[in-house]
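Contents: one structure, followed by commentary.
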Amino acid sequence: MSPQLQNDSAADRLTHVRWIVGGCAAGKSTVARALAERCGAEIYNGDRAEHSWLVRCTPQRHPRLAALRGTAAGGMWEGRTSEQVFRSMASLYGETAGFLAEDLRAGSGDRVVLVDYFGILPRDLVPLRAAAVGG
């Protein structure tokens, strides 16, 4: 379980959340928009949310995410291989899962929320889903 979720006892407040996950350019946003329009659901855009996480993160708890502060758009790729970029991703180390859960719990919970985000790994998603459905 992600370090940010170990002390998390409120994951059961996520029963209104539906997760649309997959790799980059897999069609998550397209599916989310179609479902939201058809079902009246809200979309949580994880890519946009990451910008607010930069302000909220601390170098001690989120070293990889904090390292991105002040990086120009596309700057994390500059002079680096795709393997180096991948290995530096904060979500790979569970640094973003806690922010995602906090944001989702902060909502009203009166509508279904479709999470459109590639940056959560199964090991960080499973505890949230398990708690939301009762174990």
Side-chain angles (χ1 to χ4, degrees):
M1 182 179 294
S2 161
Q4 278 70 46
L5 298 177
Q6 287 177 349
N7 298 320
D8 182 13
S9 62
D12 58 336
R13 291 203 41 227
L14 300 179
T15 57
H16 65 294
V17 176
R18 305 297 179 265
W19 304 85
I20 300 175
V21 297
C24 293
K28 296 178 303 298
S29 297
T30 301
V31 169
R33 281 191 301 271
L35 286 172
E37 185 177 309
R38 185 175 197 166
C39 304
E42 178 184 337
I43 296 175
Y44 177 89
N45 185 314
D47 293 338
R48 286 192 192 127
E50 284 180 335
H51 298 287
S52 74
W53 301 344
L54 288 172
V55 176
R56 295 159 48 194
C57 71
T58 65
Q60 298 78 19
R61 292 188 67 196
H62 318 97
R64 290 160 193 87
L65 190 59
L68 295 176
R69 287 187 191 150
T71 303
M76 77 178 291
W77 285 95
E78 197 170 307
R80 300 169 74 197
T81 67
S82 57
E83 176 71 16
Q84 290 169 322
V85 171
F86 173 75
R87 294 284 169 212
S88 69
M89 291 177 63
S91 59
L92 186 62
Y93 304 92
E95 291 183 21
T96 58
F99 292 119
L100 179 59
E102 285 173 17
D103 288 354
L104 293 169
R105 272 192 236 99
S108 66
D110 60 351
R111 276 178 36 175
V112 169
V113 174
L114 303 171
V115 177
D116 172 10
Y117 185 52
F118 81 97
I120 187 162
L121 296 177
R123 68 155 194 258
D124 297 320
L125 177 57
V126 168
L128 295 175
R129 287 293 305 137
V133 296

Atom CZ of residue position R69 - does it have more than 12 heavy atoms of other residues, nucleotides or ligands inside 6.0 Å? yes

Pair R80, S88: side-chain N/O donor-acceptor within cut-off below 3.5 Å: yes

Closest approach of [X] and [Y], non-hydrogen atoms and distance?
{"X": "G79", "Y": "Q84", "answer": "O-OE1, 4.3 Å"}
{"X": "G119", "Y": "S91", "answer": "O-CB, 2.9 Å"}
{"X": "A66", "Y": "P59", "answer": "CB-CA, 3.8 Å"}
{"X": "L65", "Y": "C57", "answer": "CD2-CB, 3.9 Å"}

Determine whether a donor-acceptor pair (N or O, by modelled atom type, separation under 3.5 Å) exists between the side chain of E37 and the backbone of A34. no

If I take atom NZ from residue K28 and atom CG from residue N45, how far apart are they, to the nearest 0.5 angstrom? 10.0 Å

With heavy-atom distances below 4.5 Å as the criterion, would you say the side chains of T96 and I120 are in contact? no

In the structure I gave you, are the side-chain heavy atoms of E83 and R87 within less than 4.5 Å of one another anywhere? yes

Please tabulate, for the side chains in residues 106-118, all donor-acceptor contacts under 3.5 angstrom to protein atoms that are two or more places apart in sequence or on a different chain.
{"from": "S108", "atom 1": "OG", "to": "D110", "atom 2": "N", "distance (Å)": "3.4"}
{"from": "S108", "atom 1": "OG", "to": "D110", "atom 2": "OD1", "distance (Å)": "2.3"}
{"from": "R111", "atom 1": "NE", "to": "G40", "atom 2": "O", "distance (Å)": "3.4"}
{"from": "R111", "atom 1": "NH2", "to": "A41", "atom 2": "O", "distance (Å)": "3.3"}
{"from": "D116", "atom 1": "OD2", "to": "S29", "atom 2": "OG", "distance (Å)": "2.6"}
{"from": "Y117", "atom 1": "OH", "to": "E50", "atom 2": "OE2", "distance (Å)": "2.7"}

Tested for side-chain contact (heavy atoms from CB on, under 4.5 Å) against Y44, the lone hit among L100, I20, V17 is L100

Give a yes or no on whether L68 and V85 share a hydrophobic cluster (residues Ile, Leu, Val, Met, Phe, Trp, Tyr; joining criterion: side-chain heavy atoms under 4.5 Å apart). yes

Cluster check W53, V21: I/L/V/M/F/W/Y, side chain < 4.5 angstrom: yes

So does E102 pair up with R56, basic N to acidic O under 4.0 Å? yes

ring-ring contact (aromatic ring centres under 6.0 Å, His included) between F99 and H62, worked out: CA-CA 11 Å; F99 292 119; H62 318 97; 4.7 Å; yes

